[in-house]
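Scroll down for the structure; my scribbles are underneath it.
Atoms within a ligand are numbered from 1 in the order they appear, just like the ligands themselves. The basis for the numbers below is simple: all heavy atoms, side chains too, and nothing from hydrogens, waters or symmetry mates.
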Amino acid sequence: MKIFKTLLILLTSVVFANAQQKNELALIPQPSSIKLGNSFFKFNKQTSLLLPKGNEHTELIKSFSAQLSAILQQDLKPNRKTTGKNFIQFSLSKDLGEEAYQLKVTKQKIEISAAKPAGWFYGWQTLIQMTRLNLQNGKALQIPEVSITDEPKFAWRGLMIDVSRHFFEKEVLKRYIDQMAKYKFNVLHLHLTDNQGWRVEIKQLPKLTSIGAWRVPRTGYWSGMSAPEPEEKATYGGYYSQEDIKDLVNYAKKRFVDVVPEVDLPGHSLALVASYPEISCTKTPQQVLAGDPWNAKRTNVVCVGNDSTYTKIEQIINELAQIFPSKYIHIGGDEVTRNYWSNCKVCQQRIQDEGLKNVDELQSYFINRVARIVKSKGKTPIGWYETLEKGLDTGIVQMSWKDEKGAVKSSNQGQKVILTPAFLTYLDFYQGDPYLENAPFTVNRLSNSYKFNPLPEGINVKNVLGGQGSLWTEQVPNERKLQFMTWPRGFILAENLWSTATKTSWPNFLKKIETHLPLLTLDSTNYSNYFYDPIVSARKDDSGDAVLIIDTEVPDLTVYYSFDDTDPDQFYPKYKGQAIAIPKGAKNIRMVSYRGNTLKSRIVKLPIAELKKRAKL
Ligand code: ACM
Ligand code: ZN
């Protein structure tokens with residue numbers, strides 16, 4: 001009997017351990033609470049989807065049905081049956097928050113409860129994710145019994161795309177939105193204007209798109225792009241017509257994504273100035289650029305003294321307010337070269353007339369005035385956080401980008417804030433060694449981006465709307481690269497911005513990330529696997545010689561290396577954790593990582609001279 005009891009305990013603990021393993025479910029973002037049962041809901045040909053009462057939500061449920069039908073490879077027709085089993089049901093639960101949901105999977109049925117359609121949508125995303133994570137040989141057979149309660153931590157869970165430096169067609173953005181929605185992002189911030197292109201039709205100012213949307217084609221390193229040749233045609237570019245925007249916004253709305261437009265003013269405005277040179281202080285003709293204007297001394301700032309500048313801005317904002325239903329309009333405000341204003345009579349006159357001290361205060365004046373225009377259209381202005389002496393209207397949402405300090409300061413001054421600290425959330429920063437990339441930008445490796453905390457010390461929590469990842473596209477010329485820069489860092493952003501669950505450790509989250517990569521592949525979405533790269537640095541050893549240290553972001557990898565300019569594999573010397581001496585005459589180190597016998601990284605080749613230079617040796 002005793003033996004039987006012991007066996008029973010052993011057996012139960014094995015079953016329990018299995019359930020525990022499954023308990024992680026690998027969902028991204030991690031729901032607030034998960035209670036796993038022991039049985040399963042099995043999908044079969046009879047599985048059905050129940051429409052909720054009334055017709056209001058039929059379209060939404062039909063879109064769910066189409067999505068699941070594709071995964072199950074069967075035609076799942078919504079119906080109104082209310083009894084029996086083997087169905088998916090949507091119910092109302094009035095006490096839940098706007099985006100909250102409960103998902104209950106039992107042997108008999110699946111039930112998603114929410115107060116609002118947004119909650120159903122997010123419950124549905126969780127269900128779909130569970131289903132896709134449980135595919136067996138590509139087939140959805142069953143999902144585990146579970147009870148999930150979930151709601152987001154922040155209202156603003158965003159990704160930004162700069163569509164100015166490179167233009168991305170509407171269909172690219174739709175595919176991007178599809179992926180966003182799967183991970184419960186709800187804001188797509190479009191950086192629509194910059195020095196390199198104006199991307200939205202403004203009917204009252206047609207030159208913005210006939211001239212401002214086009215530049216000469218250039219390929220290669222952003223920092224060294226050559227100026228347009230005389231008579232060279234501006235053939236690279238594009239823009240969204242107002243019909244495109246309406247279509248895009250409608251598409252996004254069905255996926256509970258708000259599209260927030262940005263026009264970046266008064267700096268970053270070369271495309272605007274090239275279209276209407278009279279808007280600048282110098283009024284000199286300009287061309288939209290490929291590459292950076294700072295090298296080419298272009299006037300990329302508008303004249304803020306001239307009233308006619310505000311007339312044009314009002315025309316722009318008026319049309320944006322009509323085509324973007326979002327509550328927000330972003331007015332930029334970052335990185336302004338103020339010396340044009342110092343040399344402009346009209347700007348100087350404005351300083352006098354308004355009793356301002358200097359051009360810094362003139363910038364505050366401009367931003368506050370444009371913000372008032374935005375508010376007059378019933379919208380809330382957002383601006384990139386800049387330290388401005390005279391300060392800004394408290395009604396302007398501050399998007400804190402250089403670091404978190406702007407958010408901490410503004411939130412305590414009563415302003416709403418959105419966090420996108422560059423060194424943790426910028427998606428244009430490299431995921432691997434910068435030496436292997438094509439511009440002198442900096443690095444934001446996957447494990448580094450995991451450190452993002454949208455509620456840094458000292459912040460006034462009640463003023464935090466949320467945060468976002470921001471993808472500047474100087475070095476992002478196509479859709480595959482757009483995806484590559486977003487994923488898998490997007491998983492981390494989704495986790496940080498949605499999940500109220502206690503953050504687990506980096507190695508644990510990494511396991512989840514690896515579980516999700518095949519889902520990106522299933523969706524033909526590109527991602528970076530540079531997080532498998534060996535990371536090498538030089539230092540001096542005790543005798544003063546330069547030695548190399550190798551590290552990895554992923555704990556369970558083995559690194560193999562060579563100094564003889566041949567490509568290493570798992571039969572090459574293994575890095576054993578100690579500093580390695582550099583053989584005489586070695587020009588490069590080449591490294592590769594493996595997990596067991598499985599190749600995980602690309603071959604990372606770095607010059608010894610570069611490593612010594614970095615270490616100042
Ligand atoms: C920015 O990165 N200039 C907002
Ligand atoms: Zn001026």
Side-chain angles (χ1 to χ4, degrees), residues 158-165 189-196 222 260 262-270 272-273 276-284 286 292-294 299-313 330-354 356 358-359 361-363 365-367 369 382-388 396-407 410 417-429 439 441-442 444 467-476 485:
L159 289 173
M160 185 210 81
I161 305 183
D162 161 10
V163 292
S164 173
R165 271 55 176 270
H189 163 187
L190 288 182
H191 182 76
L192 286 165
T193 73
D194 214 299
N195 302 312
Q196 292 80 10
W222 190 256
V260 175
E262 178 192 349
V263 279
D264 201 349
L265 296 161
H268 285 270
S269 292
L270 187 62
L272 167 58
V273 172
Y276 295 96
E278 65 271 24
I279 205 170
S280 72
C281 294
T282 60
K283 304 187 179 13
T284 45
Q286 300 291 338
D292 276 330
W294 345 111
T299 308
N300 74 332
V301 178
V302 301
C303 178
V304 295
N306 202 332
D307 276 327
S308 66
T309 297
Y310 299 92
T311 308
K312 283 201 174 53
I313 291 174
H330 196 310
I331 55 177
D334 60 320
E335 299 178 314
V336 185
T337 317
R338 292 184 271 253
N339 61 358
Y340 299 107
W341 302 339
S342 307
N343 301 322
C344 170
K345 281 204 186 87
V346 189
C347 286
Q348 290 303 313
Q349 188 63 47
R350 180 68 65 180
I351 288 179
Q352 271 192 17
D353 292 350
E354 299 293 333
L356 306 171
N358 50 31
V359 285
E361 291 199 359
L362 186 60
Q363 184 169 341
Y365 164 83
F366 172 83
I367 300 285
R369 186 163 166 184
I382 304 176
W384 294 110
Y385 175 84
E386 294 278 315
T387 325
L388 292 175
I396 306 173
V397 177
Q398 295 295 306
M399 189 169 266
S400 180
W401 61 280
K402 284 185 186 146
D403 49 34
E404 298 113 326
K405 288 192 202 116
S410 304
V417 299
I418 298 160
L419 287 95
T420 182
F423 60 99
L424 294 165
T425 67
Y426 268 22
L427 299 172
D428 56 327
F429 289 3
F441 289 3
T442 189
N444 173 22
Q468 69 181 34
S470 298
L471 181 43
W472 304 98
T473 59
E474 285 94 337
Q475 302 295 151
V476 182
M485 298 309 275

N/O separation below 3.5 Å, D334 to ligand 1: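 Yes: some nitrogen or oxygen of D334 is under 3.5 Å from one in ligand 1.
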
How are the rings of W401 and Y426 set relative to one another: parallel (under 30°), tilted (30 to 60°) or perpendicular (over 60°)?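 Aromatic pair W401/Y426 classed parallel.
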
Is the positively charged end of R350 above the ring of Y365, judged by distance under 6.0 angstrom from the centroid and angle within 45° of the axis? no

Output the list of atoms in ligand 1 that are nearer than 4.0 Å to some heavy atom of E335, sorted by atom number.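 So the answer, numbered in order with elements, is 3 (N).
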
Any atoms of ligand 1 less than 4.0 Å from a non-hydrogen atom of Y426? List them with their elements. 1 (C), 2 (O), 4 (C)

Looking at side-chain heavy atoms only, is the closest gap between Y340 and N300 below 4.5 Å? yes

If the threshold is 4.0 Å, N to carboxylate O, is there a salt bridge linking E278 and K312?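 Salt bridge present between E278 and K312.
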
